[in-house]
Number of protein chains: 2
Amino acid sequence: MSVRFAILGLLAQRPRHGYELRAAFEALVGGEENWDVKPAQIYTTLDRLEESGLVTEEAVEQEGGPEKRIYAITPAGRAELESWFATSVGSEHQRDEFFVKLMLSLAVDGANPYKVIQTQRAALYQRLHDVTLQRQRADPQTELAHILLLDKTVMHLEADLRWLDMVEARLDEVRRQPLPQPEVKPRGRPRRR
Amino acid sequence: MSVRFAILGLLAQRPRHGYELRAAFEALVGGEENWDVKPAQIYTTLDRLEESGLVTEEAVEQEGGPEKRIYAITPAGRAELESWFATSVGSEHQRDEFFVKLMLSLAVDGANPYKVIQTQRAALYQRLHDVTLQRQRADPQTELAHILLLDKTVMHLEADLRWLDMVEARLDEVRRQPLPQPEVKPRGRPRRR
DNA sequence: GGTGCCATGTAACGCGTTACATGATTAT
DNA sequence: ATAATCATGTAACGCGTTACATGGCACC
């Protein structure tokens, strides 16, 4: 979704061609180390946007250099963009890989949940350390986007670390007075739909 | 990645068929409201796992009922699972849709970054409110997975809200002493005629 | 005879990725 | 000459989604 709307927004500034859109997107998010969009995605997304009528191919320039297919936003595209600005971004599903790993480590014979937690915690601390260093080196005059992203990352890493502590505490509780594991019965589970 | 490894882990417990894997996955993550895996994904993922040699079709049961294709994990599959447990989950890229929206609202004529922020903040507060209620109603005896997920959600929502405050503060700073917007230079190649 | 659960899939699409391919201009 | 940059794509795959489709069994 992000790239789709980014293209729409950048074309709302002025018509552009694919290669230029890629550069503009990178400038927008503060460099390719933050978000490296592949050319393939730009061009296929442009195709889809064109097919949806949100964008049109305006012209093909070729003055001395290689071909440039210039795209422009349509009124429908502007409407789409405006309604995107006016709504909040949806809850990023809690489709968390670590959560699945943790739950599996509790259920699978031979796996060690405390080790899993410790491995993850070490990685989070390492990342926090790295990001904090980057953050200190960042220049607030020229790298606004980069700094905002770093700040967000720091806050989420801290949230993850606090959560890991809570998880461990709760596992200890459960351990002291163990519960029936949520076991799957092959048949006859009531489910609503 | 999550579903792929979840299937591997659940098959490490014992051989199962597709439908059963789906139910087991839901039990693992604490209900379909947390993570609704579609049958299509289960079956296609099983196909891919089989093709990679991490899983084999063991038998086809048919005792009175419908067909059941029973899958089992292979030694290669166990190795894969073990190495997954032993490593941390990668940094979920900061591919944040709101971030893109914010940056665009700063760059696109006619968009209002403060309104964008306010819309997002309202949605986050609403979600925080809902999740807190759910959290209070949750039964710690039977819904461990659900509670852990809710706690994680709360912490991340709080982190997002704090981050939004920081963003606003930094925008105010920038506003007081405005900087050159990260503008994309057309990179004008000298061209002759 | 319907509804709902058990169980299996296929088809098509969206987003994103890697890898491959072409060709032109510009700077060294 | 050759490397870098400009500029465009195609093909195939992975993960995830929606929609569609089939068929048996059990219960009321």
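Atom set for the values below is all heavy atoms of this structure, side chains included, hydrogens, waters and symmetry mates excluded. All chains are named by letter (A, B, ...) in the order of the sequence lines, taking the proteins before the strands, and each is independently numbered beginning at 1.
Among A/Leu46, A/Ile70, A/Val60, the single residue meeting the side-chain contact (heavy atoms from CB on, under 4.5 Å) criterion with A/His17 is A/Ile70.
Rounded to whole Å, atom P of D/dT8 lies 9 Å from atom CG of A/Leu46. If you measure from atom CG of B/Leu21 to atom C1' of C/dA7, you get 12 Å, rounded to the nearest angstrom. For the pair B/Glu20 CD and C/dC6 C1', the interatomic distance rounds to 12 Å; values are reported in whole Å.
At a cut-off of 3.5 Å, with distance as the only test, no side-chain donor of B/Trp163 or B/Glu158 sits close to an acceptor on the other residue. For the residue pair A/Tyr114/A/Asp172, the side-chain donor-acceptor check at 3.5 Å is satisfied.
The aromatic rings of A/His156 and B/His156 sit tilted relative to each other, their planes meeting at an angle between 30° and 60°.
Under 4.0 angstrom from either OP1 or OP2 of C/dT8 there lies no side-chain N or O belonging to B/Tyr19.
A salt bridge links B/Glu67 with B/Arg69: the distance from a Lys NZ or Arg NE/NH1/NH2 to an Asp or Glu carboxylate oxygen falls below 4.0 Å. Using a 4.0 Å cut-off between a side-chain N of Lys or Arg and a carboxylate O of Asp or Glu, A/Asp160 and A/Arg162 do not qualify as a salt bridge.
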Next item on the list: Could you encode protein contacts along nucleotides 9-18 of chain C as a string, one character per nucleotide from 5' to 3', using B for base contact, S for sugar-phosphate-only contact and - for no contact, with a heavy-atom cut-off of under 4.0 Å?
Entry: BBB--SSSBB
